[in-house]
Trainee: 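Got a structure here, written out as structure tokens. Questions coming.
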Amino acid sequence: MEQFWSRTKVAIPFSVVYIGLINLTMEWRPDHSFFIIFVTACLILHRRTHHLVFILSAFILFWISYDFMRLYPNYLVNDVHVEDLYMMEVKWFGVYNHGSKEILSEWFASRKYVMLTVIAGISYLLWVPGPMAYTWVLSKKAPRQMILFSYAFLLTNFIGFIIYYLYPAAPPWYYMNYGNGTDFTIPGSEAMLAHFDEIINFPLFNGIYAKNANVFAAVPSLHAAYPVVGLFFALKFNHRFWIWFFSFLTVGIWFAAVYSQHHYIIDLLLGLVCAVVAYFAMIRISRTTAYTRFENWMISRLEA
């Protein structure tokens, strides 16, 4: 009973603050209800579920921060780049098709194969579950490595979010379907991944992208950054299985990002830059006194 009340003392302040912030700043959605019920239940019900929240804390903070970007979209801060980004992609990475130069996404659009779509769809579905699985494994074997990796993942997102606001940009599917104009009412699109939904006969990606918080956040590709961050840490920790896993996942997601019409190659390369910067920044941060205190506090929560 004492442990129950100890867990409740953590759950109640979190729930009150989160619910208060959402009600004060935005319209309440069903996914907010699911999120707060799930996290609060995990914090209270059992020691292991309580630990799970701290293990996945970086991912929880990522979801909350991404959701709050709805309050002030990046297209209100700077002009949206549509055609100029497309023309850069054509110039640097375009391919010839019937005598004219086009981007790879357009080239793939006329070569829609079931196998390629399945590879792209499965790869894209692992963009967050892959790093989350690695975090879970590390929590059992090396919790300090888990904290370092998971918060490098979070830092990667924050770097990407800053660039979103500095350089709002439309994805390839937007320019391919709507041209150079900027219509802020256009919802997110699954683009070529609609073919994956047709194959499995279920609107999986349609449901995911219909809830997209911001269509004009294509640069950089954080999809491309996540498996690279995982690969860097798998190499650092010498985890052979995960080196192979993140290597294949990087290839799969980078292919899927272009094939699905969600990202330009330029976006992928900038995602790589985000991963590199986040990795070395996190290594440097980990040597500070403040990080050591945070790490020790996290370990104390996991051992409580």
Side-chain angles (χ1 to χ4, degrees), residues 3-4 6-7 10-11 14 35 38-65 122-159 222-254 271-272 274-304:
Q3 291 182 354
F4 172 81
S6 176
R7 296 194 296 269
V10 176
F14 172 81
F35 173 79
F38 175 78
V39 174
T40 304
C42 284
L43 285 170
I44 293 175
L45 288 178
H46 193 272
R47 172 177 56 86
R48 291 183 179 179
T49 58
H50 184 87
H51 290 170
L52 178 64
V53 174
F54 284 90
I55 291 168
L56 300 180
S57 58
F59 298 89
I60 291 172
L61 291 172
F62 152 66
W63 191 89
I64 292 174
S65 58
I122 292 175
S123 298
Y124 239 41
L125 287 173
L126 293 174
W127 67 296
V128 169
M132 286 180 70
Y134 188 43
T135 299
W136 173 257
V137 170
L138 287 177
S139 72
K140 300 301 179 184
K141 298 181 178 180
R144 294 185 186 275
Q145 292 180 0
M146 177 271 293
I147 296 168
L148 186 63
F149 165 69
S150 63
Y151 278 84
F153 170 90
L154 182 62
L155 181 59
T156 304
N157 282 283
F158 288 160
I159 294 170
L222 291 177
H223 281 83
Y226 298 154
V228 175
V229 174
L231 178 59
F232 285 165
F233 279 97
L235 288 166
K236 176 179 174 61
F237 302 145
N238 195 27
H239 295 155
R240 293 185 179 180
F241 169 80
W242 292 99
I243 291 172
W244 284 106
F245 175 82
F246 283 119
S247 295
F248 282 113
L249 189 59
T250 298
V251 173
I253 287 181
W254 281 45
L272 173 62
C274 289
V276 172
V277 171
Y279 174 78
F280 285 105
M282 199 66 208
I283 296 300
R284 191 173 186 84
I285 291 169
S286 68
R287 297 169 183 158
T288 64
T289 302
Y291 177 84
T292 301
R293 289 174 179 170
F294 169 73
E295 183 183 65
N296 290 336
W297 176 79
M298 284 285 289
I299 294 297
S300 70
R301 295 307 310 176
L302 295 173
E303 293 177 347

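Side-chain atoms are counted along with the backbone in the values below, which use heavy atoms only and exclude waters and symmetry mates.
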Trainee: How about Trp242 and Phe245: are their ring centroids closer than 6.0 Å?
Mentor: yes
Trainee: Nearest 0.5 Å, please: how far is OH in Tyr291 from CG in Leu148?
Mentor: 4.5 Å
Trainee: With a 4.5 Å cut-off on side-chain heavy atoms, are Tyr151 and Ser57 touching?
Mentor: yes
Trainee: Could you check if a side-chain atom of Trp127 sits within less than 4.5 angstrom of a side-chain atom of Leu222, using non-hydrogen atoms only?
Mentor: no
Trainee: Quick check: closest heavy atoms across Leu155 and Ala278, and the distance to 0.1 Å?
Mentor: CD2-O, 3.7 Å
Trainee: Look up atom CD in Glu303 and atom NE2 in His51, then write down how far apart they are to the nearest 0.5 Å.
Mentor: 9.0 Å
Trainee: If every non-hydrogen atom of Thr49 is compared with every non-hydrogen atom of Ala41, which pair is closest and at what distance?
Mentor: OG1-O, 4.3 Å
Trainee: Would you compute the distance between atom CD1 of Ile299 and atom CD1 of Ile147 and round it to the nearest 0.5 angstrom?
Mentor: 4.0 Å
Trainee: For residues Ala225 and Gly271, report the shortest heavy-atom separation together with the two atoms involved.
Mentor: CB-O, 3.2 Å
Trainee: With side chains defined as the heavy atoms from C-beta onward, is the minimum distance between Asn296 and Ser300 less than 4.5 Å?
Mentor: no
Trainee: Would you indicate whether the side-chain heavy atoms of Met132 and Leu126 approach each other to under 4.5 Å?
Mentor: no
Trainee: Indicate whether any N or O donor in one side chain lies under 3.5 Å from an N or O acceptor in the other, for Arg301 and His50.
Mentor: yes
Trainee: Can you tell me how far the CZ atom of Phe149 sits from the OG atom of Ser139, to the nearest 0.5 Å?
Mentor: 12.0 Å
Trainee: Indicate, with yes or no, if the rings of Phe246 and Tyr134 have centres closer together than 6.0 Å.
Mentor: yes
Trainee: Looking at Ile159 and Cys274, what are the two nearest heavy atoms and their distance?
Mentor: CG2-SG, 3.9 Å
Trainee: Look up atom NZ in Lys236 and atom CD in Gln145, then write down how far apart they are to the nearest 0.5 Å.
Mentor: 8.5 Å
Trainee: Is any side-chain heavy atom of His239 less than 4.5 Å from a side-chain heavy atom of Leu138?
Mentor: yes
Trainee: So which atom in Leu154 and which in Ala58 form the shortest heavy-atom distance, rounded to 0.1 Å?
Mentor: CD1-O, 3.5 Å
Trainee: Dump the intermediate steps for side chain to side chain contact (heavy atoms under 4.5 Å, CB included) on Trp136 and Leu56, then the final yes or no.
Mentor: CA-CA 8 Å; Trp136 173 257; Leu56 300 180; 5.7 Å; no
Trainee: Above 12 or not: heavy atoms from other molecules or residues under 6.0 Å from CZ of Phe158?
Mentor: yes
Trainee: Within the 4.5 Å heavy-atom criterion, are Leu249 and Tyr226 side-chain neighbours or not?
Mentor: no
Trainee: Does the side chain of Trp254 come within less than 4.5 Å of Leu272's, by heavy atoms?
Mentor: yes
Trainee: How far does CH2 of Trp244 sit from CG of Leu231, to the nearest 0.5 angstrom?
Mentor: 11.0 Å
Trainee: Using a cut-off of 6.0 Å, state whether more than 12 heavy atoms not belonging to Phe59 lie near its atom CZ.
Mentor: yes
Trainee: Can you check whether Phe54 reaches Val10 side chain to side chain, under 4.5 Å on heavy atoms?
Mentor: yes
Trainee: Write down the atom of Val53, the atom of Cys42, and the distance for their closest heavy-atom approach.
Mentor: CG2-CB, 3.5 Å
